[in-house]
Enquirer: 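Have a look at the structure that comes next, please.
For reference, positions follow the sequence shown, starting with 1. Only this structure's heavy atoms are used, side chains among them; waters, hydrogens and symmetry mates stay out. Ligands are counted one by one from 1 in listed order, and the atoms in each one are counted from 1 as well. Keep in mind the model is a prediction, meaning the values are calculated, not measured.
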Amino acid sequence: MHTKTIAQLAKGLQAGDYSSVELTQSYLERIKQHQNLNSFISITEEQALTTAKQADQALAQGNAPLLTGVSIAHKDIFCTQGVKTSCGSKMLDNFIAPYNATVVEKFNAAGVVTLGKLNMDEFAMGSSNETSFYGSVLNPWATDTVPGGSSGGSAAAVAAHLAPGATGTDTGGSIRQPAALCGITGLKPTYGRVSRYGMIAYASSLDQGGPMTQTAEDAALMLQIMAGFDPKDSTSVEREVPDYSSDLNNSLAGLKIGLPKEFFDAALNSEMAATIEAAINEYKKMGAEIIEVSMPNLKLAIPAYYVIAPAECSANLSRMDGVHFGHRCTNPADLNDLYIRSRGEGFGTEVKRRILVGTYALSEGYYDAYYIKAQKIRRLISDDFNKALTEVDVIMGPVTPTPAFGLGEKISDPIEMYLADIYTIAINLAGLPAMSIPAGFIDNKPVGLQIIGNYFAEAKLLNVAHQYQQVTDWHQQTPKGFE
Ligand code: GLN
């Protein structure tokens, strides 16, 4: 049962082949059996079984929503009422959210069962899941390597079939990069497509929630529930949500694929380049046309991001002061001591580094030199993409420069770690939607293909991804020991 996709499970539940309680129990057992992966921070067994029972009743009555009784898990960045919502930090280790994020609320309303909360880099800052207060997550494909981050728990859980789907968030690559390193499908929607209400903010102008699944077909089903305007999020876009499943089988004949020459430069290792080229060849066979495009400002994406994201996080994380939110030190001498020690004890090294960088970049005298400059670069990068997307339907390239790297390999060198997102960050700066889909293996480690589309072109991306998954079986591979 556990290797089935969301689409298959939904069908089986509707047909009465098994109950939601049976399905939920089987996942809960697997989660406990594979706890060494450390992909879950909290397992919400009791609530899961209660919801599963309700789902079974709804299914028995007929006309239950499509995904009723299917189980998923949420990245621990989404607030879940009455359940610990830690964001991977000691700061929020004892935070029980008093309300649900809109995304969580929508899945609940659709009758979907929540198995628990998934491990992640602290406050979503990282590319390896090693900055989590709860320890590293292991990549099920090779347990001495990282699963990627920051949605590493989500990616590892789906790859190991501990849940058929999971939510993730992507500020600079955190859905796509772990999806690539764990061999699953990940979709970062257009900025504003999915509500950020109740999704703990890292960098508000970049953060976007999205689905992490085995297949594009499943990503369409999850996005259908997640997407839409939310009056509680002023940056969510008031725009109709299309039927994401209806275009999956459109022909790709005549599809124009842009390949940015800057994506295939020296930073990309040769085996990765060969794997991506093989994937592009599959698209040629399906009738796609390949066009070289250029993104001259792409090389500025990492420096611009590492000014903008820290600047926004330094503001967002100021609420974690031991008074409004978060860990409070014992016996503070006075108010300053309370702030200093609470924040000093509650935050990990990477989070502190970002708060310092961001506070500096926003300070008087430096604001124009760093923050304003980075915002100007951001516009140039958007313009590069917008120009290319007038010539082509989608842009393709790698997701990561290498397959999964070793645990501990990059954690002491922040710049090395930042470079893990060299192909994903620019897309967040531009606010565009993008996917990572499994496209092969190097030394038994998964490789992801990135597909980038125009604003609100999620249905097109899902179509392009789904067609590839009809002619390849990379997405159906299961890591050894997790069959
Ligand atoms: N790795 C990037 C960072 O550390 C992106 C993280 C994310 O997308 N949340 O900021």
Enquirer: Looking only at side chains, do K117 and T85 share a donor and an acceptor under 3.5 Å apart?
Expert: yes
Enquirer: Check the surroundings of atom OH in Y366: do more than 12 heavy atoms from other residues, nucleotides or ligands lie under 6.0 Å from it?
Expert: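 Not buried by this count: 12 neighbours or fewer within 6.0 Å.
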Enquirer: Can you confirm whether the side chains of T213 and T185 place a donor and an acceptor under 3.5 Å from each other?
Expert: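 Judged by distance alone, the side chains do not pair up.
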Enquirer: What residues, two or more places apart in sequence or in another chain, satisfy side chain to side chain donor-acceptor pair (under 3.5 Å) together with R353?
Expert: E350
Enquirer: Sequence neighbours excluded, which residues qualify as side-chain contact (heavy atoms from CB on, under 4.5 Å) partners of S436?
Expert: R176, A179, A180, V399
Enquirer: State which residues pass side chain to side chain donor-acceptor pair (under 3.5 Å) with S71; sequence neighbours excluded, sorted by chain then number.
Expert: none
Enquirer: What does the 4.0 Å heavy-atom contact list look like for ligand 1?
Expert: A124, M125, G126, S127, S150, D170, T171, G172, G173, S174, Y202, Y305, Y306, R354, D421
